Structures are given as C-alpha cells and as structure tokens.
Amino acid sequence: MKMRNPPVNSLSLEFLTELLISLEKLENDKTFRGIIITSDCPGIFSAGLDLLEMYGRDPAHCAEYWKAVQELWLRVYLSNLVVIGAINGISPAGGCLLSLSCDYRVLANNPKYAIGLNETLLGIIAPFWFKDVLVNTIGHRAAERALQLGFLFPPSDALQVGIVDQVVPEDQVQSTARSVMAQWLAIPDHARQLTKNLVRKPTADRLLQQRDADIQNFVRFISRDSIQKSLHVYLEKLKQKKG
Ligand SMILES: CCCCC/C=C\C/C=C\CCC/C=C/C(=O)SCCNC(=O)CCNC(=O)[C@H](O)C(C)(C)COP(=O)(O)OP(=O)(O)OC[C@H]1O[C@@H](n2cnc3c(N)ncnc32)[C@H](O)[C@@H]1OP(=O)(O)O
C-alpha cells in the first residue's frame, strides 16, 4: 500500500478516509494475508496528522477528524493482516504512530528519515493511546524521555532504542520488507492473529472503552486559544523554513 497524498502525506480527513476504505477492502478480501505500508512521497513517509484539520476549525469538524484518526489507528493496530512498515522517509507524530502500529518496521538508512512522537515541539501533547503504543515498543523510561523532549530519532538511534526493528540501505527497504513478510506469513494465520490480539487488545481496549470521552478531550484541548496559537506559530515556522 503506497501512500500518496502530496506533498507530505499528511493525514487529512480525506486521506484517512481513503486509507480506511482501502484497508477495509484488503481485510475483507481473503486472498490477502499481509500488507506493506510505504510512501510514494520522496523522503517523507508521512508528516503525521494534518495540522490544517486542527487549526482554525470548528469543534464539530475537530470531533469528526479525531474520530477518523482513532478509527485508522484501531484498524491498523488490530488488523488481522500482517502489517509491515517500509519506512522510506521522515515520520513524525501521526506518521510515527502509523509506523508503530505495524507488526514490524524497516527504516531506510538516511539521517533525514527521523521517527518519533514530536508533539511537544509543536506545543501539543501525544494522546494516551499514542503514548501507550510507544511505551509498549521502547519501554517506559525511554518513552518518558522521548515524549517529553519530542525526540525525532535518526535511523541509528531509532534502531538502538527499538522504535524500528531494522535499518537498511535505502534501496533495500522494499525487498527487506518483502523478506520479512515471507517470514511472518510462514506462521499459520489463526495462531498469529490470536497471539497478536492477545498482545494488543488491552492497549486498544483502553481507547475503545472511552472513545467519546477521548474525542471530547481532544476537541476541548485543541480548541484552547493557547493551543491554537502554538499551532499557528508552528505552521508559520514551516512556511518560513521555505524562505
Ligand atoms: C489535558 C487534556 C489532554 C487531552 C489531549 C487530547 C488529545 C491530544 C491533542 C492533540 C493531539 C494531536 C496529535 C498530533 C499529531 C501529529 O501528527 S501533528 C503533526 C506533526 N508533524 C510534524 O511536525 C511535521 C511537520 N512538517 C515538517 O516537518 C515538514 O513539512 C517535513 C515533513 C519534514 C517535509 O519538509 P519539506 O519537504 O521541506 O516540505 P515543507 O515543510 O515545505 O511542507 C510542504 C507543505 O506541507 C505542509 N505541511 C507539512 N507538514 C504538515 C502537516 N503535518 N499538516 C499539514 N500541512 C503540513 C507545509 O506547511 C507546506 O505547506 P505550504 O506548501 O507552505 O502550503
């Protein structure tokens, strides 16, 4: 599955909806047993959640958007398919969450391809379920530091901390992902799926038990003047970077 939402594969409402529909189709087609998620945008896996869906929007829109973000996460995280991330670009925040929700992550060895939950650098916070997935992946102490400081790990650090499983030369990302897929598909589906569910369900359940409250918390938080100001400053910084 090649994500294509130029210029930066930001996860807009429309793009999230497209991804959801594609995933649902693949899940329902019993000829598919696994997917490799990668990017068609050179150098960018995904710029994360689309800031323009959260900036200057009314509460109803923010609520609709957050529901779609939750939905995509639940679908990828709990997918019955083997999900491999072939991460061929930078993947901050929501892009990192998408990567973390795969069963296995292969990252291209390019110092620009940093990965992490950098929300604090934007003056916002990672929701509890983003945090849970990171803690599950790299452990409590490393997650505590990474989240507070908004670390974006370059490939060597990413491998060392365990936020990705493998770092390979850029031209070998897809072939490595395919080899890994073959290894995972050698396991009987029912045994692998039940095991995945056993490991992941408690984390997903924490959100499933309070989805509406999570939406309300998000809307309240993102609508604050101070948070809207932070987003404005960050978006301006992105513009200025262009010169
Ligand atoms: C106490 C109660 C608490 C309750 C809490 C409840 C909930 C928590 C609240 C909020 C949670 C929100 C979680 C957020 C998650 C996210 O994912 S936020 C997004 C994080 N992403 C980033 O920080 C990446 C930003 N982008 C970049 O750094 C760069 O764009 C790049 C990806 C490195 C690519 O660089 P480059 O190739 O140089 O391209 P440009 O920077 O020029 O960008 C091109 C255009 O794309 C626009 N853009 C970039 N990223 C985004 C984005 N994420 N969303 C929307 N738009 C983006 C950029 O502005 C450029 O636009 P123009 O061409 O100037 O119009």
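These figures come from a predicted structure and were not determined experimentally. Indexing begins at 1, ligand by ligand and atom by atom, following the structure's order.
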Item to complete: List for me each residue that meets side-chain contact (heavy atoms from CB on, under 4.5 Å) alongside Q174, sequence neighbours excluded, and say none if there are none.
Response: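 Q174 satisfies side-chain contact (heavy atoms from CB on, under 4.5 Å) with I36, T38, A86, N88, R178 once adjacent residues are dropped.
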
Could you give the N/O to N/O pairs under 3.5 Å linking ligand 1 and the protein, each with its distance?
| residue | atom | partner | partner atom | Å |
| --- | --- | --- | --- | --- |
| ligand 1 | 17 (O) | L49 | N | 2.7 |
| ligand 1 | 17 (O) | G94 | N | 2.8 |
| ligand 1 | 21 (N) | A47 | O | 2.7 |
| ligand 1 | 23 (O) | N118 | ND2 | 3.2 |
| ligand 1 | 23 (O) | Y234 | OH | 2.6 |
| ligand 1 | 35 (O) | K241 | NZ | 3.3 |
| ligand 1 | 38 (O) | K241 | NZ | 2.9 |
| ligand 1 | 41 (O) | K241 | NZ | 2.7 |
| ligand 1 | 53 (N) | A47 | O | 3.2 |
| ligand 1 | 53 (N) | L49 | O | 3.0 |
| ligand 1 | 54 (N) | L51 | N | 2.9 |
| ligand 1 | 63 (O) | K242 | NZ | 2.5 |
| ligand 1 | 64 (O) | K242 | NZ | 3.3 |

Can a side-chain donor-acceptor contact be found between [Y] and [X] if the only test is distance below 3.5 angstrom?
X: Q166; Y: T176; value: no
X: S46; Y: N9; value: no
X: E170; Y: Y113; value: yes

Worksheet item: Would you say the ring centroid of W129 lies under 6.0 angstrom from that of W66?
Response: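 Between W66 and W129, which both carry aromatic rings, the centre distance is below 6.0 Å.
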
Fill in: Expected output: side-chain R75 to main-chain L23 donor-acceptor under 3.5 Å
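Not confirmed, R75 side chain does not pair with L23 backbone.
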
